[in-house]
Student: 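I have a structure here, written as structure tokens, and I will follow up with some questions on it.
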Amino acid sequence: MSETPEEAAVRGEFTPPPPVSSVSPPPRNSLPYVSFNQLRSFHAVALAGSVTGAAALLHVSQPTVTVQLRQLEAHYSVDLVRRTPRGVRLSELGEALYELTQRLFALEGEAVELLNSAGGTLRGRLRVGGVAPHFVMRLLSAFSQAHPAVDLSLRLDNSTSVIRSLVAQEIDVGVVGQTALDTRLYALPYSKQDIVLFCRDDHPWASREGVELAELTGQPLVMREQGSTCRLTLERALQEREVTPHIALEVVREGVRDAVVAGFGVGVTTESEFVPDQRTRMLRILDADLFTEAFTVCLRHRRNLSVTRAFMKTAEECFERQ
């Protein structure tokens, strides 16, 4: 009796036939096949803008990402990315594929969260970006009490940077002071804060309740950095009134009070951020209703992820209780 190919293969004497061409159509009644790992590498490159960044996102080596990307392109005889001295750029086909992989890996995230949350307990991790601790901590505390099994991390920056990180999917949700920077955002109102000024206790305005915008003409101001919603709001109001202040110092949020105490000028902040201090006096803006609004934001195509959805619901409840 002649032996079967399988028996010959065991003895090492049978050479299997060459594989079917990679471009052959799948058999009828079968699921379409594409390498998930290759798609994941492509998606990470598109997201990070470089092979190095993609490798960091996937926690693999750069050669692994490069090989998988090249295999995907070779399999379908296409060009998905173009290598440039500044990194990689997606081809037109690559852009179209990236739109699909965004939805694909959003669904993968939902699947993972569904499995993690089996049994009624929400599990997973949530990366949060915020513009200031006092904006975010109350919300984080409420969310953590409701969902203690979710691991939280917090990154603080200005609104522009938080939104940039959100679009790049370096964080999952954000609490920011503006939402008009990207139409891909889904936003819910979270809080509202009046813009105020403050001066040193020996300043000529120290005994006053407030000042009018026209009085800021030529006045040395301590401003937040570019991208601060508080700064943008005040600058728009001053421009409308044709008031030109003198920006004596530009500094991040944490340095504004110290700069005012050091004598650089009048500080600009929000009432909720102002910390009472014997060395400073708060001044209201008397002739304009200037305020900033905080919004809780996420990417529209990721809003239905279970952990993200739970965080947005908590933010909505916090806003309703104000």
Student: Holding to ring pair (Phe, Tyr, Trp, His ring centres under 6.0 Å), I want the full list of residues that pass it with F143, two or more places apart in sequence or in another chain.
Tutor: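 Checked F143 against ring pair (Phe, Tyr, Trp, His ring centres under 6.0 Å); matches are H147, F311.
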Student: Would a distance-only check, ignoring hydrogens and angles, find a side-chain to backbone donor-acceptor pair under 3.5 Å from R127 to E170?
Tutor: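 Yes; at least one donor-acceptor contact below 3.5 Å.
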Student: Does the side chain of Q193 pick up a donor-acceptor pair with the side chain of S191 at under 3.5 Å?
Tutor: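 Q193 vs S191: donor-acceptor pair found between side chains.
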Student: Can you tell me if R253 uses its side chain to pair, donor with acceptor, with the backbone of V131 under 3.5 Å?
Tutor: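 Judged by distance alone, yes, a pair lies under 3.5 Å.
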Student: Are a donor atom and an acceptor atom from the side chains of S161 and N158 found within less than 3.5 Å of each other?
Tutor: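 Yes.
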Student: I'd like to know if the side chain of T229 pairs up with that of S159 as donor and acceptor (distance under 3.5 Å, no hydrogens or angles considered).
Tutor: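 Yes, because at least one side-chain N or O of T229 sits under 3.5 Å from a partner of the opposite role on S159.
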Student: With the threshold set at 4.0 Å, does a side-chain nitrogen-carboxylate oxygen contact exist between E108 and R40?
Tutor: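 Answer for the salt bridge query: yes.
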Student: Are S165 and R155 linked by a side-chain donor-acceptor pair shorter than 3.5 Å?
Tutor: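 Per modelled atom types, S165 and R155 side chains form a pair under 3.5 Å.
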Student: Quick check for you: to the nearest 0.5 Å, what is the distance between I195 atom CD1 and T292 atom OG1?
Tutor: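 Interatomic distance, I195 CD1 to T292 OG1, rounded to 0.5 Å: 5.5 Å.
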Student: Where do M282 and E271 land on the side chain to side chain contact (heavy atoms under 4.5 Å, CB included) test, with the steps shown first?
Tutor: CA-CA 9 Å; M282 190 178 80; E271 186 173 7; 4.3 Å; yes
Student: Please step through side chain to side chain contact (heavy atoms under 4.5 Å, CB included) for the pair V256 and M223, ending with a clear verdict.
Tutor: CA-CA 7 Å; V256 174; M223 284 281 209; over 6 Å; no
Student: Taking the side chain from E73 and the backbone from V81, do they hold a donor-acceptor pair closer than 3.5 Å?
Tutor: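 Indeed, once roles are kept as given, a pair shorter than 3.5 Å links the two residues.
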Student: Output yes when a side-chain donor or acceptor of N37 lies under 3.5 Å from a complementary backbone atom of Q68, and no otherwise.
Tutor: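 Checking the backbone N and O of Q68 against the side chain of N37, no donor-acceptor pair under 3.5 Å is found.
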Student: Distance-only, no hydrogens or angles: does the Q38 side chain make a donor-acceptor pair with backbone N or O of L69 under 3.5 Å?
Tutor: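 No, the answer is negative, given that no donor and acceptor are paired below the 3.5 Å cut-off.
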Student: If we count only N and O atoms by modelled type, under 3.5 Å, do the side chains of E317 and T314 hold a donor and an acceptor together?
Tutor: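 No, no side-chain donor-acceptor pair sits under 3.5 Å.
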Student: Is the cationic atom of R300 (NZ for Lys, CZ for Arg) positioned less than 6.0 Å from the six-membered ring centroid of Y186 and within 45 degrees of its normal?
Tutor: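 No, cation not above the ring by the 6.0 Å, 45° rule.
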Student: Does R83 use its side chain to pair, donor to acceptor, with the backbone of V88 at less than 3.5 Å?
Tutor: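 Answer holds: no.
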Student: Mind telling me whether Y98 and H43 have parallel, tilted or perpendicular rings, with 30° and 60° as the class edges?
Tutor: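 The arrangement is tilted - the two ring planes meet at 30° to 60°.
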Student: Determine whether the side chains of Q145 and S141 contain a donor N or O and an acceptor N or O closer than 3.5 Å.
Tutor: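 Per modelled atom types, Q145 and S141 side chains form a pair under 3.5 Å.
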Student: Show the numbers, then the answer: is there a side chain to side chain contact (heavy atoms under 4.5 Å, CB included) between V196 and T269?
Tutor: CA-CA 6 Å; V196 298; T269 187; 3.8 Å; yes
